K.L.:
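This structure is in structure tokens; I'll ask about it shortly.
Computed from heavy atoms alone, side chains included, the values below leave out hydrogens, waters and symmetry copies. Only a predicted model underlies this, so the values are computations on that prediction, with no experimental measurement involved.
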Amino acid sequence: MLPAERHRRIVAEIARLKFVTTDDLTSLLSVSQETVRRDLALLEGRGELARVHGGATAAQAPVGEEASFSERRDAFLSEKRAIGRMAASLIEPHQTVVIDVGTTALEVARALPADHVGVIATPSLLVAAEVSSRPRVEVLVSGGRLRGGDLACSNAQAVEFFSDLRADAVFLGSGGIALYGLTDFHLDEVATKRAMLANASHRYVLADSSKFGRTASHRVCGLNGFDTLITDEPCPEGLQAALGKAGGSFIVA
């Protein structure tokens with residue numbers, strides 16, 4: 001059986017049963033478990049399924065459009081503030097740090113001490129305005145096309161800015177975090193996030209527990225694309241195992 005036919009049958013079987021084991025697929029396709037595992041890894045990378053312990057299940061459907069900034073601002077506010085305080089505690093004096101867009105990222109900026117000294121780079125005008133009140137912080141703003149609500153900058157100018165910036169740490173917002181990886185709602189901002197990740201010594205993702213298992217429209221990276229997830233509750237067992245296998249860790253605020 002050609003690989004393309006195997007892949008088609010795997011996807012069809014998962015659509016029919018919702019969950020299949022590696023053993024089931026080995027028997028169905030008359031191939032080795034190693035071949036099945038390679039096929040599942042490939043299909044997961046395409047977003048056609050999600051691997052779980054012992055087999056695979058249907059990929060999480062995209063959650064649709066992002067809620068407005070005003071709706072998101074007050075949702076899970078205590079959790080976001082806890083995540084923000086935890087993230088801010090990891091920022092050392094004199095570091096160059098990137099803080100992304102989003103309501104949780106804004107809480108990181110708000111949690112920075114008034115006497116913090118260092119460089120904060122951001123594509124968010126809200127984050128920039130917040131940290132500008134710290135007299136010993138140098139604020140760098142990427143520029144680019146502005147999106148309302150979050151006041152987020154993106155396009156080639158923003159990508160070039162972060163491609164040329166070497167940061168000690170980046171704190172990235174998230175639309176969803178699932179076995180498929182880190183996802184976001186805004187296509188123009190995915191390239192900006194990838195540039196941030198590529199040029200930071202340590203890569204943190206900020207996600208309250210409502211983001212677990214959610215998949216937004218656009219994939220930023222796999223679970224191996226960042227180092228540490230900062231959240232408010234322990235990850236579900238499957239996500240926790242997948243994150244560990246990818247070499248990542250998580251911190252509960």
K.L.:
Could you walk me through whether R219 and D184 pass the salt bridge (Lys or Arg N to Asp or Glu O under 4.0 Å) test, one step at a time?
P.N.:
CA-CA 6 Å; R219 190 179 195 231; D184 189 65; over 6 Å; no

K.L.:
Just wondering, more than 12 heavy atoms not from E160 lying within 6.0 Å of its CD?
P.N.:
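Count not over threshold, so no.
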
K.L.:
For D24 and T21, what are the C-alpha separation, side-chain angles and deciding distance, and is it a side chain to side chain donor-acceptor pair (under 3.5 Å)?
P.N.:
CA-CA 5 Å; D24 290 340; T21 68; 3.0 Å; yes

K.L.:
Hey, is R147 close enough to E189 for a salt bridge, meaning N to O under 4.0 Å?
P.N.:
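The answer is yes: the pair qualifies as a salt bridge.
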
K.L.:
Among T22, D23, V20, whose side-chain contact (heavy atoms from CB on, under 4.5 Å) with V36 holds?
P.N.:
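Result for side-chain contact (heavy atoms from CB on, under 4.5 Å) with V36: T22.
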
K.L.:
Within the 3.5 Å criterion, strictly below it, is a donor on H7 or D39 matched to an acceptor on the partner's side chain?
P.N.:
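H7 vs D39: donor-acceptor pair found between side chains.
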
K.L.:
Between R136 and D115, does any NZ, NE, NH1 or NH2 come within less than 4.0 Å of an OD or OE carboxylate oxygen?
P.N.:
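No, D115 and R136 are not salt-bridged.
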
K.L.:
Are any side-chain N or O atoms of S32 and backbone N or O atoms of T35, one a donor and one an acceptor, separated by less than 3.5 Å?
P.N.:
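Yes, S32 side chain to T35 backbone: donor-acceptor pair under 3.5 Å.
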
K.L.:
Are side-chain N/O atoms of H186 and E66 paired as donor and acceptor at under 3.5 Å?
P.N.:
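Note: H186 and E66 side chains meet the donor-acceptor criterion.
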
K.L.:
Which one of T104, L229, L206, L197 satisfies the side-chain contact (heavy atoms from CB on, under 4.5 Å) criterion with L172?
P.N.:
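So, applying the side-chain contact (heavy atoms from CB on, under 4.5 Å) to L172 and each of T104, L229, L206, L197, only L197 qualifies.
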
K.L.:
Distance check, rounded to the nearest 0.5 Å: I230 atom CD1 versus D208 atom CG?
P.N.:
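Between atom CD1 of I230 and atom CG of D208 there are 13.0 Å.
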
K.L.:
Atom CD of residue position E237 - does it have more than 12 heavy atoms of other residues, nucleotides or ligands inside 6.0 Å?
P.N.:
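No - once you tally the heavy atoms of other residues, nucleotides and ligands closer than 6.0 Å, there are 12 at most.
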
K.L.:
Hey, which of S154, S163, C153 is the one that makes side-chain contact (heavy atoms from CB on, under 4.5 Å) with T192?
P.N.:
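When S154, S163, C153 are each tested with T192, the side-chain contact (heavy atoms from CB on, under 4.5 Å) holds only for S154.
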
K.L.:
May I ask you to say whether D232 pairs ionically with K80, meaning some side-chain N is under 4.0 Å from a carboxylate O?
P.N.:
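So D232 does not pair with K80 through a salt bridge.
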
